[in-house]
Amino acid sequence: MKVAALSLLFCAAVFCYADSTKYIAKPQDTSLSKLIARWASSDRQSFKWEASFDVPINDVAAINSEAQLGQATAMDDALLRILDVEVKNAANPATLVACHFPDDDPSWVVRDSKQPPCDKPLK
């Protein structure tokens, strides 16, 4: 299992700017699973939600602000930010865990803390 940090940069002349809108929640992201699936698709990565529950997103602006998603520079950074907020606000005692397998399919897996680690089968 390996976490890779890749940044999306737009460079012009001598200035480079991170895309501060790539990893934000949008109105169509009605749950964490849909949000993370969109990010993975945008990064041309595969994703599988294996957690036994999903977390609804009721206020897109609030989650963008609280997680400071506009400052995320890569998917792993955005995931850490969003999962940290989820843990703080969780109604469910189980927390979500994201694992990155850059050379496997799916390359991203989300499980909850009551399930086996990502590198072990669910059964």
Side-chain angles (χ1 to χ4, degrees):
M1 184 174 6
K2 182 175 157 184
V3 175
L6 301 173
S7 297
L8 176 66
L9 297 175
F10 294 107
C11 297
V14 292
F15 299 103
C16 293
Y17 301 97
D19 181 359
S20 63
T21 63
K22 183 172 184 178
Y23 299 105
I24 62 168
K26 297 182 179 179
Q28 71 262 29
D29 302 318
T30 56
S31 67
L32 284 187
S33 64
K34 289 181 180 178
L35 171 65
I36 297 168
R38 184 175 57 77
W39 289 345
S41 176
S42 175
D43 279 1
R44 297 180 186 202
Q45 298 185 53
S46 55
F47 165 73
K48 187 171 185 181
W49 186 272
E50 293 183 341
S52 61
F53 63 93
D54 202 350
V55 179
I57 298 175
N58 299 316
D59 187 340
V60 171
I63 203 160
N64 284 329
S65 175
E66 189 173 354
Q68 299 179 346
L69 291 175
Q71 295 177 21
T73 57
M75 187 163 161
D76 59 337
D77 180 26
L79 279 168
L80 287 174
R81 291 169 183 271
I82 201 83
L83 295 180
D84 184 50
V85 167
E86 189 275 329
V87 167
K88 290 177 188 174
N89 299 330
N92 191 320
T95 56
L96 296 172
V97 178
C99 302
H100 189 207
F101 304 96
D103 299 323
D104 290 337
D105 185 24
S107 55
W108 287 98
V109 175
V110 173
R111 289 189 178 173
D112 64 67
S113 59
K114 293 184 177 184
Q115 294 173 307
C118 293
D119 60 342
K120 305 287 184 206
L122 280 176
K123 295 180 182 183

> Tell me, do Ser52 and Lys114 make a side-chain contact under 4.5 Å, heavy atoms counted?
no
> Calculate, to the nearest 0.5 Å, the distance between atoms NZ and NZ belonging to Lys34 and Lys26 respectively.
15.5 Å
> Could you give me the CA-CA distance, side-chain angles and deciding distance for Ile57 and Ile63, then say whether side chain to side chain contact (heavy atoms under 4.5 Å, CB included) is met?
CA-CA 8 Å; Ile57 298 175; Ile63 203 160; 4.2 Å; yes
> Tell me whether Leu32 is reachable from Val60 by hopping between hydrophobic residues (I, L, V, M, F, W, Y) whose side-chain heavy atoms are closer than 4.5 Å.
yes
> To the nearest 0.5 Å, what is the distance between CG (Leu96) and CD (Gln115)?
9.0 Å
> Side chains of Leu83 and Leu80: does their closest heavy-atom pair fall under 4.5 Å?
no
> When rounded to the nearest 0.5 angstrom, what is the spacing between CG in Asp112 and CD in Glu50?
10.5 Å
> State plainly whether the residues Lys48 and Asp105 are in salt-bridge range, i.e. N to O under 4.0 Å.
no
> Show your reasoning for whether side chain to side chain contact (heavy atoms under 4.5 Å, CB included) applies to Val110 and Val97.
CA-CA 6 Å; Val110 173; Val97 178; over 6 Å; no
> Could you pull out the closest heavy-atom pair between Pro102 and His100, with the gap in Å?
CD-O, 3.5 Å
> Provide the full list of side chain to side chain donor-acceptor pair (under 3.5 Å) pairs with a residue in residues 57-70, sequence neighbours left out, each pair given once.
Glu66-Asn89
> With a 3.5 Å distance limit and no angle check, can you tell me whether Asp77 reaches the backbone of Thr73 through a side-chain donor-acceptor pair?
yes
> Has Ser33 got a side-chain atom pairing as donor or acceptor with Trp49's backbone, closer than 3.5 angstrom?
no
> Under a 4.5 Å cut-off applied to non-hydrogen side-chain atoms, are Leu35 and Trp39 in contact?
yes
> Between the main-chain N or O of Ala98 and the side-chain N or O of Arg111, is there a donor-acceptor pair closer than 3.5 Å?
no
> Can you tell me how far OG of Ser46 sits from CZ of Phe101, rounded to the nearest 0.5 angstrom?
11.0 Å
> Between atom CH2 of Trp108 and atom CE of Met75, what is the distance when rounded to the nearest 0.5 Å?
5.5 Å
> What is the minimum heavy-atom distance between Val109 and Pro106, and which atoms define it?
CG2-CG, 3.7 Å
> To the nearest 0.5 Å, what is the distance between CD1 (Ile24) and OG1 (Thr21)?
5.5 Å
> Donor-acceptor check, side chain of Asp29 to backbone of Ser31, threshold 3.5 angstrom: yes or no?
no
